Amino acid sequence: LLAIAAAIVVLGALLISAPALLISTDAARARIETQLSAWFGARVRVGAPPRLSVLPRLSLGLDDVSLEGRGWSLTDARLTARLDLSALLGGTTRLASLAIDSPTIRIAAPSEGRPQAAFAAGRALQRILRHPLTVSNASVAIGETQEPVLRDMTLRLAASGDGASIRSA
């Protein structure tokens, strides 16, 4: 009876870890960078191998993430994307929610000659808000200054009318 229980535990562990063992992390990282670049409308770089978690929820974890768009950038972030299992079983990838932790966000200073930077940042945010978004422990800098104008900012946004909140220290 003990041997059967041990075999079930080992089999369960193999089933949970099998996807990570079968996928090349470099190939997965390149594919993730390509898909996220198209989705965010920005250049995306992932500095660490991706992590796939099955329990308690299906999610993809990325560390050392940087995004660079026209007029804005986000660096040194940890990104966790919760995935929709039913879509994945159907052969497509769909996010259920997105969490970005500890990013440094830099937004170009708007000027009369360059309003497109603010529009580009707004379009990127509009793409992101197709799914609930949580940003925590963010620093925000505007223009060329090295000193952030906001620190320890936390925000939760949802386009579905679930509400939004922004807090900053």
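Only a predicted model underlies this, so the values are computations on that prediction, with no experimental measurement involved. The residues of the chain are indexed from 1 along the displayed sequence.
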(message) Salt bridge or not between Asp64 and Arg78? Use side-chain N to carboxylate O under 4.0 Å.
(response) no

(request) Might you point out which heavy atoms bring Ala77 and Pro103 nearest each other, and give the distance in Å? (result) CB-CB, 3.8 Å

(message) So, taking the atom named CG in Leu52 and the one named CG in Leu60, what distance separates them when rounded to the nearest 0.5 Å?
(response) 6.5 Å

(request) Go through the structure and list residues passing side-chain hydrogen bond (donor to acceptor under 3.5 Å, both in side chains) with Thr80, not counting sequence neighbours. (result) none

(request) Show your reasoning for whether side chain to side chain contact (heavy atoms under 4.5 Å, CB included) applies to Arg43 and Leu67. (result) CA-CA 6 Å; Arg43 190 177 54 145; Leu67 291 88; over 6 Å; no

(request) For Ser66 and Arg45, indicate whether the former's side chain and the latter's backbone hold a donor-acceptor pair under 3.5 Å. (result) no

(request) Could you check if a side-chain atom of Leu83 sits within less than 4.5 angstrom of a side-chain atom of Arg57, using non-hydrogen atoms only? (result) no

(message) Is it true that Ser136 and Asp101 share a donor-acceptor pair across their side chains at a distance under 3.5 Å?
(response) yes

(request) For the residue pair Val135 and Thr154, establish whether any side-chain heavy-atom pair is separated by less than 4.5 Å. (result) no

(request) Give me the one residue out of Leu62, Asp63, Leu79 that meets side-chain contact (heavy atoms from CB on, under 4.5 Å) with Pro50. (result) Leu62

(message) Between Pro49 and Arg29, is there a side-chain heavy-atom distance shorter than 4.5 Å?
(response) yes

(request) Hey, could you give me the CG/OG distance between Asn137 and Ser139, rounded to the nearest 0.5 Å? (result) 8.5 Å

(request) For Arg82, check side-chain hydrogen bond (donor to acceptor under 3.5 Å, both in side chains) against everything at least two apart and list the hits. (result) Ser97

(message) Does any part of the side chain of Leu133, heavy atoms only, come nearer than 4.5 Å to the side chain of Arg156, both counted from C-beta?
(response) no

(message) Using the side-chain hydrogen bond (donor to acceptor under 3.5 Å, both in side chains) criterion, which residues pair with Thr134? Sequence neighbours excluded.
(response) none

(message) When you measure from the side chain of Glu68 to the backbone of Leu74, do you find a donor-acceptor pair of N or O atoms at a distance under 3.5 Å?
(response) no

(message) Would you compute the distance between atom CZ of Arg106 and atom OG of Ser73 and round it to the nearest 0.5 angstrom?
(response) 6.5 Å

